[in-house]
Amino acid sequence: MVDKHSIPPYDPSEVEARWRSFWADRGFFRSDVASRDKTFYYLNMFPYPSGYLHVGHGRNYIIGDVVTRVKMMRGFNVLNPMGWDAFGLPAENAAIDNNVHPREWTLSNITNARKQFAAWGVEFDWDREVTTCLPDYYRWTQWLFLELYKHGLAYKKKATVNYCPMCDTVLANEQVVAGVCERCGTAPVAKDLEQWFFRITDYADRLLEDLAALEGWPENVRKMQENWIGRSFGAEVTFRTESGDEIVVFTTRPDTLWGATFMVLAPEHPLVDKLTTDKQRDAVHAYRHQAALASDIDRSSTEREKTGVFTGGYAINPVNGKQVPVWIADYVLTSYGTGAIMAVPAHDERDFAFALKFGLPIVPVIAPLRDEIRSAVAKRDVADGFAAAVKAAGWTIEERGGQYLVTLQRSQADAYLKTAQEHVREGRWIGVVGSRFAFVFPDAVIELASVEADREIVARVANGNGSDVAVAMDLVATEAAYQDVLFHADHGEMIHSGAFSGTSGEAATEKVIAWLEEKGIGEGAINYRLHDWLISRQRYWGAPIPIVYCDKCGTVPVPEEQLPVLLPDVEFIGKMGLADIPGYAETTCPECGGPARRDTDTMDTFVDSSWYFLRFISPTDEHHAFVKQDVDHWLPVDQYVGGVEHAILHLLYARFVTKALHDLGHIGFEEPFRRLFTQGMVCHPAYRCSEHGWLFPKQVDEALCCPQCGRRLEVASFKMSKSKRNVVDPTEIIDRYGADTERVYTMFMGPPDRDIDWLDEGVRGANRFLKRVWTMILGNVDRMSAPGAVPDVAAFDDAAKALWHRCHFTIKKVTEDVEQRFSFNTAVAAIMELANDLGRYTDSDEEIDGALLRIAADGLVLILSPFAPFVCEELWRGLGHEDAILEQPWPCYDEAGLVQDMVEIPVQINGKLRARVAVSSEVAEDREALAKAALADSRIQEWLGGKSVIKTIAIPGKMVSLVVK
RNA sequence: GCCGGAGUGGCGGAAUUGGCAGACGCGCAGGAUUCAGGAUCCUGUGGGGAUUACACCUCGUGUGGGUUCAAGUCCCACCUCCGGCACCA
């Protein structure tokens with residue numbers, strides 16, 4: 001037994017102070033880029049340097065540090081750099097609030113963050129630090145811009161763009177999330193401005209198709225990108241107005257063309273004026289005015305009822321020569337497709353609602369996949385004997401209230417129509433809805449097969465009672481029994497479509513497209529939701545766009561040797577762009593030397609971050625952004641880690657820039673990140689008073705009432721954020737328990753990809769574990785053999801064998817969990833189990849094996865060290881070693897060590913666990929011997945009780961299952 | 001509405017290829033130590049039941065079905081929650 005009083009208590013602050021600068025001083029994290037051997041590029045998404053990092057940020061970096069340390073001990077040449085996404089609006093806003101220059105604010109945050117990393121024991125190759133707001137970085141961002149410009153991938157155009165009035169700048173499409181500015185939550189307004197764009201849509205197909213090969217990426221991120229790119233296949237079809245103007249529409253359903261009974265243009269569509277008749281002009285003008293005022297959120301709400309106005313104009317449906325009215329409505333967007341649609345109300349939900357509201361004809365041209373026809377018949381509309389006739393024919397008929405409901409299938413429709421006609425009373429009609437649409441009158445059955453048929457039905461019905469019914473669908477749309485068969489968007493058989501009737505499924509689309517192309521009235525087309533990337537920003541704190549405008553020479557790129565175009569060094573006075581800085585725009589033309597003006601916009605900060613992973617390979621190169629042979633060797637990044645909030649923006653842009661640079665010959669690969677991991681957020685309870693807002697946990701007492709007004713507080717767990725006052729400050733955790741404890745808890749608290757609550761009790765548990773390891777290791781050093789001792793495995797007693805096995809098993813598990821599974825919580829759990837077993841072994845009264853103890857203790861410290869590097873470095877010295885842990889190879893396990901002498905094998909009878917038999921591992925691996933051993937067990941014999949075994953399933957090493965009768 | 005993901009003890013979670021459900025930790029309970037608190041250590045801890053015996057039985061992984069000797073895991077239908085997109089033609 002050990003005298004625990006002789007061991008110094010675990011004092012993390014003292015231990016951590018001793019090793020804080022050790023790893024950096026020894027240069028362990030400096031990487032050799034020239035080396036080509038076993039390289040491993042690990043990359044965290046570089047942070048925006050804003051104030052203090054909290055324990056939620058820590059999760060990201062601790063994961064990286066653990067993986068990096070393991071990889072280093074495993075003999076990899078690891079590159080794990082860090083940099084700063086240092087341009088951007090928060091710096092400007094903070095600068096305005098605190099009256100400092102954004103540069104000062106940014107750089108001081110960086111200094112602070114570096115200190116926090118050191119306190120966490122999170123190490124990087126600081127020789128490779130990149131900072132996007134410094135000229136030696138943004139010079140190359142400007143170079144990237146010019147490369148894209150020279151090859152037609154950057155262009156300027158006037159466009160309607162999203163402008164955020166709060167941020168005072170335009171936004172990329174991707175930065176408008178759920179209709180509001182991603183950063184400040186303000187609804188953007190539409191502005192027509194000349195802006196720079198990157199031609200990302202040229203790469204839409206490749207960005208989509210290459211997703212499939214990104215097997216190391218999470219499925220949800222790939223799906224999100226797929227949705228964002230939003231590729232849809234269909235056709236562009238040209239309609240003509242009566243005056244001969246072309247209206248091109250995009251449709252994914254060319255097979256429904258025969259059902260296009262009207263057209264809808266976006267209110268902003270250029271042909272609207274010309275189409276509008278004098279009679280409609282006022283209404284159209286008013287509607288367009290109102291649409292222009294409505295915000296995008298209002299316009300794009302699916303809840304809202306459809307609105308629109310008839311222009312008075314008509315176009316010709318090219319497939320059947322029929323005249324269709326042209327409407328305008330704000331459910332058609334200028335930003336998608338051609339800003340004009342053909343409306344097929346029978347097979348498009350929006351068009352259906354619009355047609356019903358405005359009384360436009362609805363003609364089914366596709367048979368639904370579900371073959372069901374319904375006919376609701378008022379009793380007073382039919383002669384006696386109707387129900388009997390229907391029953392006699394064997395069709396389903398229900399009776400409720402004053403009506404019959406007949407349900408049938410398409411093959412029965414003709415017979416039913418005949419029966420209905422025979423029974424319908426004079427002046428009445430019967431509707432048939434579903435797989436067939438028809439109206440039955442005493443002297444005729446009219447199929448809803450065309451607009452003309454629709455008119456005739458309406459005319460006949462109106463004759464009788466002068467109703468206000470506009471179209472045939474109105475006659476049946478209010479009938480409850482019809483609700484789920486009125487409309488469908490199935491890819492069924494084409495009907496009422498001339499020669500194409502009878503064509504069905506996806507093939508219909510292809511055939512119609514081929515025919516459209518042959519006739520010259522349309523062609524196959526692909527449409528994307530993705531738009532070109534708007535990169536101009538009207539703010540100061542970004543990389544200036546390196547373009548000059550000359551009256552003589554036009555748009556002139558700044559020559560490469562004149563880069564960088566420096567941000568003007570002004571005393572910072574507030575919200576402004578480069579245009580507000582006197583003298584900045586004035587320059588001379590690089591081509592003719594005459595007077596010229598600079599572009600006064602800066603680039604979106606996502607441009608900075610779209611290529612930084614390349615710069616880490618040669619961060620100080622003054623002649624190149626990066627060196628091809630080096631990046632070709634080190635990239636794609638082996639493991640990229642960051643928040644899922646970048647699933648679309650940053651990751652899509654970085655993929656685009658990589659592909660563009662590849663095509664321009666600068667790099668030899670097409671995807672930047674081989675494996676991607678998105679870590680979950682760390683949450684913490686936040687307390688809110690409806691009157692006084694968010695409260696710090698410290699202000700809250702047990703009664704959960706507001707200290708100011710006594711109101712009951714709302715409590716809920718949220719992602720840590722300063723504004724909700726629920727951040728956990730790592731400094732407090734480190735002061736109280738040490739960084740090692742924070743690291744172990746962070747890794748142990750749950751699967752790293754999942755959102756999780758930070759629990760103070762959990763932190764204490766991690767601390768307890770480290771204390772236990774400390775006491776156990778230091779308290780047993782005297783009983784261990786010297787380092788390097790080789791145990792005599794053959795002489796082990798049972799307890800020693802078990803511990804020996806546990807050591808090998810744990811090493812294997814931790815190695816696989818970290819390297820392959822990214823499952824750090826189970827890795828830590830396995831180390832805890834080893835520590836528990838080791839503790840049990842040293843506490844027992846039996847004689848212990850000094851060599852085994854040495855190996856187990858050394859091994860425990862080595863595999864724990866990536867998680868708790870400070871305390872392990874200390875314990876390593878305590879164990880009598882002189883060298884650093886990072887100079888040690890990762891311990892290895894051998895298969896022999898994994899084999900146990902005896903194993904317990906569960907035995908099931910009829911699927912229920914009835915016994916466990918202890919057998920030697922040889923027996924356990926032998927199917928027949930294992931089955932025999934199971935049957936020989938006395939408990940099993942008892943359960944069998946003379947019944948016969950019909951089937952025996954023995955899975956070597958796993959279990960035996962007996963089926964008995 | 002569409003597309004993803006997830007539902008397992010009081011809590012976080014484990015079970016990697018269909019093979020002993022609940023590893024590991026928190027919390028809780030009892031005990032040891034202590035003047036006391038804290039810290040530490042030991043024991044127990046899914047529900048229900050049984051027994052002289054913790055070498056027992058039984059139910060149990062969101063719900064309902066199914067496949068299988070065997071299902072948290074596979075299939076079908078559904079419910080709930082989270083995330084993304086959303087009048088995208």
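Below, read A as the first sequence line, B as the second, and so on, with proteins coming before strands; counting in each chain starts at 1.
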Mind checking [X] for me? I need base, sugar-phosphate or nothing, with any heavy atom below 4.0 Å counting as a touch.
X	answer
T952(A)	nothing
M749(A)	sugar-phosphate
R222(A)	nothing
G911(A)	sugar-phosphate
I756(A)	sugar-phosphate

When you compare [N] with [M], how far apart are their [atom1] atoms, in angstrom units rounded to a whole number?
N	M	atom1	value
G47(B)	C11(B)	P	12 Å
U34(B)	A50(B)	C1'	41 Å
C24(B)	G46(B)	P	12 Å

Determine yes or no for a side-chain-to-main-chain donor-acceptor pair under 3.5 angstrom, with R916(A) supplying the side chain and E904(A) the backbone.
-> no
Could you provide the dot-bracket string of RNA chain B, using ( ) for intrastrand pairs, [ ] for crossing pairs and | for bases paired to another strand, with Watson-Crick or G-U pairs below 3.5 Å?
-> (((((((..(((......[....)))((((((.......))))))((((......))))..(((((..]....))))))))))))....
Given the 90°-from-0 boundary between syn and anti, G30(B) should be labelled anti
Does K951(A) make a side-chain N or O approach to OP1 or OP2 of C69(B) shorter than 4.0 Å?
-> yes
Output yes when at least one side-chain N/O atom of R916(A) is less than 4.0 Å from OP1 or OP2 of G19(B), else no.
-> no
Output, in order, the C-alpha distance, side-chain angles, deciding distance and verdict of side chain to side chain donor-acceptor pair (under 3.5 Å) for D532(A) and T201(A).
-> CA-CA 6 Å; D532(A) 275 344; T201(A) 52; 2.6 Å; yes
What string of B, S and - do you get for nucleotides 22-30 of chain B, 5' to 3', if B is base contact, S is sugar-phosphate-only contact and - is no contact with any protein heavy atom under 4.0 Å?
-> -BBSSS---
Quiz item: K958(A) side-chain donor-acceptor pair to C20(B) base, under 3.5 Å | no
Quick one: does K813(A) reach the base of U16(B) with a side-chain donor-acceptor pair under 3.5 Å?
-> yes
Taking the six-membered ring for Trp, are the ring centroids of W533(A) and Y653(A) within less than 6.0 Å of each other?
-> yes
Would you indicate whether the side-chain heavy atoms of M494(A) and W258(A) approach each other to under 4.5 Å?
-> yes
Just checking, K306(A) and F354(A): is the charged tip under 6.0 Å from the six-membered ring centre and within 45° of the axis?
-> no
Report the relative orientation of the aromatic rings in W327(A) and F358(A); use parallel for angles under 30°, tilted for 30 to 60°, perpendicular for over 60°.
-> tilted
